[in-house]
Amino acid sequence: MQKTILITGSTDGIGLEAAKRLAADGHHVILHGRNPAKLNDAQAEVRAQKGDGAVDQIVADLSRPADVATFADEVVERFDSLDVLINNAGVFGATEPLTVDGIDVRFAVNTLAPYVLTQRLLPLIGASGRVINLSSAAQEPVDSDALRGSVPLADRDAYAQSKLALNMWSRHLADEIGVDGTTIVAVNPGSLLATKMVKDAFGIDGNDIGIGADILVRAALSPEFATATGKYFDNDSGQFAPPHADALDAQKNQTVVDIIESILATLL
């Protein structure tokens, strides 16, 4: 059965490779990027897979929650339904770490943007749909002040904290929705894959990008993920695994969500 699947950050890397595979299998893929020219190139690449599914695109800057809200509104306006949302876009290094809203760009793109997009698209996704949140093996306890933008962090610390914050709100939302609602799963697609992010951050070519694309396709479509809401899949070990201990603490998860909501209340 054809699915409609939105993949953020799908102009290169894991997102683009997953989009190619899904399109080749006949699924309707909605690409996202912030650079119109790169997005046009990606759309042409995905269409070249010669699958039966449509390939659409939306331009949006995920570093500003207000723009993410507009992005979500456009999705709702243009598409009747959405089966899978893959929150793949991510930022590691940044020469200017603070956004115009005063938030560290890692928290803005890796944590807040998928939160806003997910919350606003849940009615479109429905109970039978899935949200796949791209996490990482790199996770560190979240500094509340850093999340608010008042404490600067080094690139790796900001990235690792933003990914744990993503895991924490994913688990909180899954618990809130319950097992009969939309499936929310956090996935580490694999460490040091051959993405631009890894090349820029570590100066290495990285491992086969197909490792990450394969698990995104599995997470989007396979039955094993249909009943995995609230879980964390670690592709380094190839299995569902315990998340960071903080993500198992319901009160800590609630605190992170409360901070996210307080930030968004001032920006949306």
Side-chain angles (χ1 to χ4, degrees), residues 7-9 14-15 62 65 68 84-92 103-119 121-122 125 130-144 146-148 153 155-179 181-193 197 212 215-216 218-220 224-225 227-261 263-264:
I7 310 175
T8 67
I14 299 170
L62 299 189
V68 179
V84 183
L85 167 62
I86 302 179
N87 285 308
N88 165 73
V91 174
F92 183 98
I103 305 298
D104 186 292
V105 69
R106 277 63 61 104
F107 283 115
V109 175
N110 304 348
T111 307
L112 300 184
Y115 183 88
V116 173
L117 202 55
T118 298
Q119 290 282 8
L121 293 181
L122 278 176
I125 298 170
R130 304 181 191 184
V131 175
I132 312 302
N133 286 331
L134 266 287
S135 184
S136 170
Q139 298 175 40
E140 292 179 1
V142 180
D143 182 323
S144 297
L147 175 55
R148 293 186 180 96
L153 295 173
D155 289 345
R156 187 192 180 284
D157 293 333
Y159 179 80
Q161 289 191 33
S162 72
K163 288 301 185 180
L164 179 55
L166 175 74
N167 277 23
M168 294 173 80
W169 76 246
S170 298
R171 191 172 181 89
H172 175 87
L173 183 58
D175 288 343
E176 192 173 65
I177 293 173
V179 295
T182 306
T183 295
I184 314 287
V185 180
V187 176
N188 164 31
S191 296
L192 299 177
L193 301 181
M197 180 190 297
I215 193 56
L216 289 195
R218 263 176 69 192
E224 67 184 308
F225 280 83
T227 57
T229 194
K231 293 185 178 180
Y232 168 69
F233 189 92
D234 175 27
N235 205 30
D236 288 328
S237 63
Q239 61 188 346
F240 290 100
H244 187 286
D246 282 6
L248 295 173
D249 187 319
Q251 185 53 56
K252 288 184 177 180
N253 292 346
Q254 181 69 63
T255 297
V256 164
V257 170
D258 287 345
I259 295 171
I260 290 172
E261 289 286 353
I263 293 169
L264 295 177

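Along the sequence shown, the residues carry numbers beginning at 1. All values below were derived from every heavy atom in this structure, side-chain atoms included, with hydrogens, water molecules and symmetry-related copies excluded. What you see is a predicted model, and the numbers here were worked out from it, not measured in a lab.
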Tell me, please, which residues at least two apart from Phe233 pass ring-ring contact (aromatic ring centres under 6.0 Å, His included).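 In terms of ring-ring contact (aromatic ring centres under 6.0 Å, His included), with neighbours along the sequence ignored, Phe233 is linked to Phe225, Phe240.
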Can you list the residues that meet the side-chain hydrogen bond (donor to acceptor under 3.5 Å, both in side chains) rule with [X], with sequence neighbours excluded?
| X | result |
| --- | --- |
| Asp155 | Arg106 |
| Glu176 | none |
| Thr227 | none |
| Thr8 | none |

Is the side chain of Asp234 donor-acceptor paired with the backbone N or O of Gln239 at a distance under 3.5 Å, no angle test?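 Judged by distance alone, no pair lies under 3.5 Å.
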Under 3.5 Å: donor-acceptor pair, side chain of Thr111, backbone of Ser162: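 Yes.
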So, do [X] and [Y] sit near enough that their side-chain heavy atoms are less than 4.5 Å apart?
| X | Y | value |
| --- | --- | --- |
| Arg130 | Leu85 | no |
| Val131 | Thr182 | yes |
| Asp143 | Gln161 | yes |
| Pro243 | Leu248 | yes |
| Leu112 | Trp169 | no |
| Pro242 | Tyr232 | no |

May I have the step-by-step check of side chain to side chain contact (heavy atoms under 4.5 Å, CB included) for Asn110 and Leu166, ending in yes or no? CA-CA 7 Å; Asn110 304 348; Leu166 175 74; over 6 Å; no
Shortest non-hydrogen contact between [X] and [Y], atoms and distance:
| X | Y | answer |
| --- | --- | --- |
| Leu153 | Ala146 | CD1-CB, 3.5 Å |
| Leu264 | Pro65 | CD2-CB, 3.8 Å |
| Ala108 | Ile103 | N-CG2, 4.0 Å |
| Val68 | Ala113 | CG1-O, 3.5 Å |
| Val185 | Ala228 | CG2-O, 3.5 Å |
| Ile263 | Arg148 | CD1-CA, 4.0 Å |

Are [X] and [Y] close enough that a side-chain donor and a side-chain acceptor fall under 3.5 Å?
| X | Y | value |
| --- | --- | --- |
| Asn235 | Asn188 | no |
| Gln254 | Asp258 | yes |
| Gln139 | Asn167 | yes |

Partners passing side-chain contact (heavy atoms from CB on, under 4.5 Å) against [X] (at least two apart in sequence or in another chain):
| X | value |
| --- | --- |
| Ala138 | Ser136, Arg156, Tyr159, Ala160 |
| Asp249 | Gln251, Lys252 |
| Asp175 | Arg171 |
| Ala174 | Ile184, Thr229 |

Should Ile215 and Ile14 be marked as a side chain to side chain contact (heavy atoms under 4.5 Å, CB included) after you check the CA-CA gap, both sets of side-chain angles, and the distance that decides it? CA-CA 10 Å; Ile215 193 56; Ile14 299 170; over 6 Å; no
Do Tyr115 and Val257 pass the side chain to side chain contact (heavy atoms under 4.5 Å, CB included) test, and can you show the C-alpha distance, the side-chain angles, and the key distance before you say yes or no? CA-CA 9 Å; Tyr115 183 88; Val257 170; 3.7 Å; yes
At what distance, to the nearest 0.5 angstrom, does [atom1] of [X] lie from [atom2] of [Y]?
| X | Y | atom1 | atom2 | result |
| --- | --- | --- | --- | --- |
| Asn87 | Asn133 | CG | CG | 4.5 Å |
| Leu173 | Asn253 | CG | CG | 11.0 Å |
| Lys231 | Ser170 | NZ | OG | 15.0 Å |

Could you list the residues that satisfy salt bridge (Lys or Arg N to Asp or Glu O under 4.0 Å) with Glu224, not counting sequence neighbours?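 Here the qualifying residues are Arg218.
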